[in-house]
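Take a look at the structure below.
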Amino acid sequence: MTFRLGRVVARAALFFLLGWMLSACGSLRSDSAPISLEQQWADEEDALLTEPVVYDPLESVNRKIFLFNDRLYFWAFNPTATAYAKVVPKDVRGSLNRAVDNLIFPVRFCNCLLQGKVRGAGVELGRFTVNTTLGLAGLTDPAADVFGLEPPPVEDLGQSLGVHGVGTGPYLCLPFYGPSNLRDAAGLFGDRLITPAFYLTADDFAAGSTYYLTDLVNRLS
């Protein structure tokens, strides 16, 4: 009885060993066999289906503009903003930011109305009225500090176009501004047309350049 059981165990072990060797040889053959060109194409298609594809038809232009912005920032704007921050006190820089934000009130107000945000438009109107008068043209913010009118989320024409179903379009890197898209770039141009500073400096290139560059450096600081 013991001898017969031993033969059964030995036979089972032999079958197991032979099966393992055959499977190992089969996997070795499949690994070493060359992959066909059709299989490579199929693998690449599967990879494209699983990996995100960036829609950037303007890539060559965007790369050049990105490089321009990058060098302009590190070589010019960043050193200028650093030196500017050492000369101009932080409180003064904050007041200038508030004054410029107050000046572009029409952009936020009109886009609130375009998006149907009536309450936001009312808050923007109230803030502009209070800060222009009591806040010395927006240099201070009594609308929030005294009357509790906190600024609502900033609205622009690009967002308004999106609310009304306009797609973003391709990715677009803008000079001086950086990453954007075709819809927001068009919205940026439209917003400029309802900004008072645009008309105040339209006939004077030097004044317009000074205004926008000073605002940019002040914000960077």
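Cluster membership for Phe205 and Tyr212, using ILVMFWY side-chain heavy atoms within less than 4.5 angstrom, is not shared. The hydrophobic clustering, which links ILVMFWY residues whose side-chain heavy atoms are closer than 4.5 Å, places Leu193 and Leu188 apart. A continuous path of ILVMFWY side-chain contacts below 4.5 Å connects Leu72 to Leu216, so both sit in one hydrophobic cluster. In the hydrophobic clustering of ILVMFWY residues, with side-chain heavy atoms under 4.5 Å counting as a link, Phe189 and Phe198 come out together. In terms of hydrophobic clustering, with Ile, Leu, Val, Met, Phe, Trp and Tyr side chains grouped at heavy-atom distances under 4.5 Å, Phe66 and Phe74 are assigned to different clusters.
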Side chain to side chain contact (heavy atoms under 4.5 Å, CB included) evaluation trace for Leu200 with Tyr211: CA-CA 10 Å; Leu200 294 175; Tyr211 168 79; over 6 Å; no
Stepwise side chain to side chain contact (heavy atoms under 4.5 Å, CB included) test for Asn62 and Leu172: CA-CA 6 Å; Asn62 288 329; Leu172 183 63; 3.8 Å; yes
Worked check of side chain to side chain contact (heavy atoms under 4.5 Å, CB included) between Asp191 and Asn111: CA-CA 9 Å; Asp191 287 337; Asn111 283 290; 3.3 Å; yes
Phe147 and Leu134: CA distance, side-chain angles, deciding distance, side chain to side chain contact (heavy atoms under 4.5 Å, CB included) verdict: CA-CA 11 Å; Phe147 298 96; Leu134 301 180; 4.1 Å; yes
Check against side-chain hydrogen bond (donor to acceptor under 3.5 Å, both in side chains), Asn218 and Asp215: CA-CA 5 Å; Asn218 190 65; Asp215 178 48; 5.4 Å; no
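Minimum interatomic distance between Val123 and Pro152 (heavy atoms only, all atoms of both residues): CG1-CD, 3.7 Å. In terms of heavy atoms, Asn131 sits closest to Pro142 at OD1-CD, 3.1 Å. Nearest heavy atoms, Pro89 versus Val87: CD-O, 3.6 Å. Between Gly158 and Arg183 the shortest heavy-atom distance is O-NE, 3.2 Å. Taking both residues in full, the closest heavy atoms of Asn69 and Cys173 are given as ND2-SG, 3.9 Å, listed atom of the first, atom of the second, then distance. For Leu103 against Pro196, the heavy-atom pair with the smallest separation is O-CD, 3.3 Å.
Taking 4.5 Å as the limit, every side-chain heavy atom of Tyr84 sits out of range of all side-chain heavy atoms of Phe77. Annotation: side chain of Arg127 is in contact with side chain of Asp141 (closest heavy-atom distance under 4.5 Å). In this structure the side chain of Leu220 reaches within 4.5 angstrom of the side chain of Tyr73, judged on heavy atoms.
Judged by distance alone, the side chain of Gln115 and the main-chain N or O of Cys112 form no donor-acceptor pair under 3.5 Å. Here the side chain of Thr140 pairs a donor or acceptor atom with the backbone of Gly135 at under 3.5 angstrom. Using modelled atom types, one side-chain atom of Thr133 and one backbone atom of Val130 make a donor-acceptor pair closer than 3.5 Å. Proximity of a side-chain donor or acceptor of Arg93 to a complementary backbone N or O of Val88 within less than 3.5 Å is detected. Judged by distance alone, the side chain of Asp156 and the main-chain N or O of Gln159 form a donor-acceptor pair under 3.5 Å. Between the side chain of Arg98 and the main chain of Leu139, a donor-acceptor pair closer than 3.5 Å is present.
Asn102 and Thr132 share a donor-acceptor pair across their side chains, judged by distance under 3.5 Å alone.
One finds no salt bridge joining Glu155 and Arg108 here, because no Lys/Arg side-chain nitrogen approaches an Asp/Glu carboxylate oxygen to under 4.0 Å. With respect to Asp70 and Arg63, no salt bridge is recorded, no charged nitrogen being found less than 4.0 Å from a carboxylate O.
Heavy atoms from other residues, nucleotides or ligands lying under 6.0 Å from OH of Tyr199 number more than 12.
Sorted by first and then second residue, the pairs that involve residues 162-180 and meet side chain to side chain donor-acceptor pair (under 3.5 Å), not counting sequence neighbours, are Tyr177-Arg192.
Centroid-to-centroid, the aromatic rings of Phe105 and Phe109 come within less than 6.0 Å.
Taken from NZ in Lys90 to OG in Ser95, the straight-line distance is 12.0 Å, to the nearest 0.5 Å. In this structure, Glu150 CD and Asp145 CG are separated by 8.0 Å, a value rounded to the nearest 0.5 Å.
The hydrophobic cluster containing Ile65, built from Ile/Leu/Val/Met/Phe/Trp/Tyr side-chain heavy atoms closer than 4.5 Å, also comprises Val61. If you chain together ILVMFWY residues whose side-chain heavy atoms come under 4.5 Å of each other, Leu114 ends up grouped with Leu157, Leu161, Val166.
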